[in-house]
Amino acid sequence: MSDLPRRAVTRSAKLASLPLGFAGRAALGLGKRIGGKPAETVALEIQQRTAEQIFKVLGELKGGAMKVGQALSIFEAALPQEIAGPYRATLTRLQEAAPPLPAATVHKVLAEQLGDDWRDNFISFDDKPTAAASIGQVHRAVWHDGREAAVKIQYPGAGKALLGDFAQLARLGKLFGVVLPGLDIKAVLEELRERIAEELDYLREAEAQHAFALEFMDDPDFHVPDVIAANEMVLVSEWMDGTPLSRIIAEGTKEERDRMGLLFVRFLFCSPARVGMLHADPHPGNFRMLANGKLGVLDFGAVNRLPEGYPKAFGQLTRIFNKGDMETVINGLREEGFIRPGIEVDPDALRAFLAPYVEPTAVEEFTFSREWLQAQAASVTDLRPTNVVRQLNLPVSYVLIHRVHAAGIGVLCQLNATARFRDEVVRWVPGFADDPNDEALAIG
């Protein structure tokens with residue numbers, strides 16, 4: 001593949017094949033049901049084949065479609081084993097890699113961005129990429145001062161392709177619902193579209209990465225490689241060796257998975273307080289277990305700027321939820337804009353929907369597992385006639401926070417991690433550890 005498959009006709013044809021393929025499978029399923037095949041069996045077949053086709057097409061597209069695919073791949077932990085099993089390996093590969101650009105295209109980008117003498121910046125440059133993601137790929141190199149470097153290069157035409165993908169994907173909400181019925185794909189697409197300009201700007205990403213690197217320099221738990229040089233489409237960072245989190249998920253010991261799970265949570269919760277930003281793309285491909293036991297963190301293209309740290313109401317409402325006071329929780333959610341005026345929600349349905357986000361904070365130690373997440377997802381599905389998910393609004397200020405928490409829970413369940421996660425919430429989330437009798441109980 002010499003470039004992003006960004007020609008409108010080609011990309012539209014690939015995406016259009018999704019609903020057409022689903023319609024064909026649904027019709028085939030109806031025929032099988034008429035022939036006496038159990039409805040449950042037919043539904044399972046449709047789900048499995050739809051999922052396989054979705055991720056195959058998303059993986060081929062690279063741009064916005066692949067970015068959505070990466071986001072969805074996190075949630076495979078919530079799918080039943082018989083559905084997730086056949087393509088789990090494919091999803092892991094999707095998180096880690098994409099078809100690479102050829103060397104000639106890479107050299108062209110480097111010449112355009114760094115000048116015809118771009119090679120003078122490097123002692124050596126490996127034409128074979130070490131990683132490829134949604135809008136760029138990474139090459140290993142040695143900077144002219146002898147430092148090992150990671151050179152992130154943006155795909156030519158990535159911006160145009162991303163916007164085109166979003167327009168097409170907006171039409172596929174029902175199809176994604178077959179695989180992940182609880183996911184509001186519209187909200188995901190809107191949030192990604194709003195942030196895409198930031199993710200395409202490598203100078204902005206360099207600014208964020210440098211801020212994280214400075215804060216966590218010599219930190220006992222975390223390492224963020226610092227920026228060496230950057231412009232709009234090329235970002236050069238210090239090289240970081242380590243074991244990808246996806247490999248820890250697949251092959252790590254229980255001790256390694258527990259430690260990485262705890263550090264993963266600690267990083268996400270402490271960053272707003274320490275850096276004023278939240279890493280907003282927490283899929284396993286962006287994290288490494290280093291030889292010294294630290295958690296290494298990559299890719300700061302998507303960050304949520306929180307100069308005041310986590311919203312205090314988040315911690316307060318989490319604490320109140322744990323006390324079982326759903327009336328005050330609902331009032332608080334109204335105050336924060338999660339429930340619009342005139343909308344009524346069923347407290348039991350709301351409790352079931354929020355439980356996966358809050359339950360781990362109610363006990364001293366908690367184990368995340370696929371089985372636990374599947375049980376949580378099943379309880380929400382059982383209550384879907386109440387439409388509690390559709391009734392809830394997601395305020396702009398919480399869009400990325402929600403994305404990070406939902407994706408983070410998926411990662412923790414893949415790790416099957418056990419740790420004292422509540423301690424991290426107590427330490428880093430304002431409002432959670434306040435006196436339960438204080439004025440916070442009067443929210444709303």
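All residue numbers in this chain count up from 1 along the given sequence.
Arg288 places no side-chain N or O within donor-acceptor distance of the main-chain N or O of Asp241, the cut-off being under 3.5 Å. A donor-acceptor pair is defined here as one N or O able to donate and one able to accept, closer than 3.5 Å; no such pair exists between the side chain of His144 and the backbone of Arg119. Counting only distance, with no hydrogens or angles, the side chain of Asn286 and the backbone of Asp281 share a donor-acceptor pair below 3.5 Å. A donor-acceptor pair is defined here as one N or O able to donate and one able to accept, closer than 3.5 Å; no such pair exists between the side chain of Glu199 and the backbone of Gly301. Counting only distance, with no hydrogens or angles, the side chain of Glu424 and the backbone of Leu262 share no donor-acceptor pair below 3.5 Å. In this structure, Asn231 contributes its side chain and Gln113 its backbone to a donor-acceptor pair below 3.5 Å. Of the possible polar contacts, none joining the Arg422 side chain to the Val363 backbone as a donor-acceptor pair under 3.5 Å is found.
One finds the CD1 atom of Ile339 at 5.5 Å from the CD1 atom of Ile330 (value rounded to the nearest 0.5 Å). Put simply, OH on Tyr202 and CD on Glu205 are 6.5 Å apart, with the number rounded to the nearest 0.5 Å. The distance from atom CG of Leu373 to atom CD of Gln414, rounded to the nearest 0.5 Å, is 9.5 Å. Atom CG of residue Leu101 and atom OH of residue Tyr155 lie 5.5 Å apart, to the nearest 0.5 angstrom. In this structure, the separation between CE on Met277 and CD on Glu207 is 7.0 Å, given to the nearest 0.5 Å. Asn121 CG to Leu110 CG: the interatomic distance, rounded to the nearest 0.5 Å, is 9.0 Å.
A centroid separation of less than 6.0 Å is found between the aromatic rings of Phe338 and Tyr398.
The aromatic rings of Phe216 and Phe267 sit tilted relative to each other, their planes meeting at an angle between 30° and 60°. The aromatic rings of Phe269 and Tyr310 sit tilted, their planes meeting at an angle between 30° and 60°. Below 30°, between 30° and 60°, or above 60°: for Phe300 and Phe212 the angle between ring planes is between 30° and 60°, a tilted geometry.
Taking every heavy atom of both residues into account, Val275 and Glu215 meet most closely at CG2-CG, 3.7 Å. Pairing each heavy atom of Leu235 with each of Ala230, the nearest pair is CD1-CB, 3.6 Å. Closest approach of Asn416 and Ser369 over heavy atoms only: OD1-CB, 3.4 Å.
His139 and Asp127 form no side-chain donor-acceptor contact under 3.5 Å, judged by distance and modelled atom types alone.
Applying the side-chain contact (heavy atoms from CB on, under 4.5 Å) rule to Val142 yields the partners Ile123, Ser124, Glu148; only residues at least two apart in sequence or on another chain are considered.
Salt-bridge formation is not detected for the pair Asp219/Lys294: no Lys NZ or Arg NE/NH1/NH2 atom is positioned less than 4.0 Å from an Asp or Glu carboxylate oxygen. A salt bridge between Arg147 and Asp145 is present, with a side-chain N of the basic residue lying under 4.0 Å from a carboxylate O of the acidic one.
Around NZ of Lys108, the count of heavy atoms belonging to other residues, nucleotides or ligands within 6.0 Å does not exceed 12.
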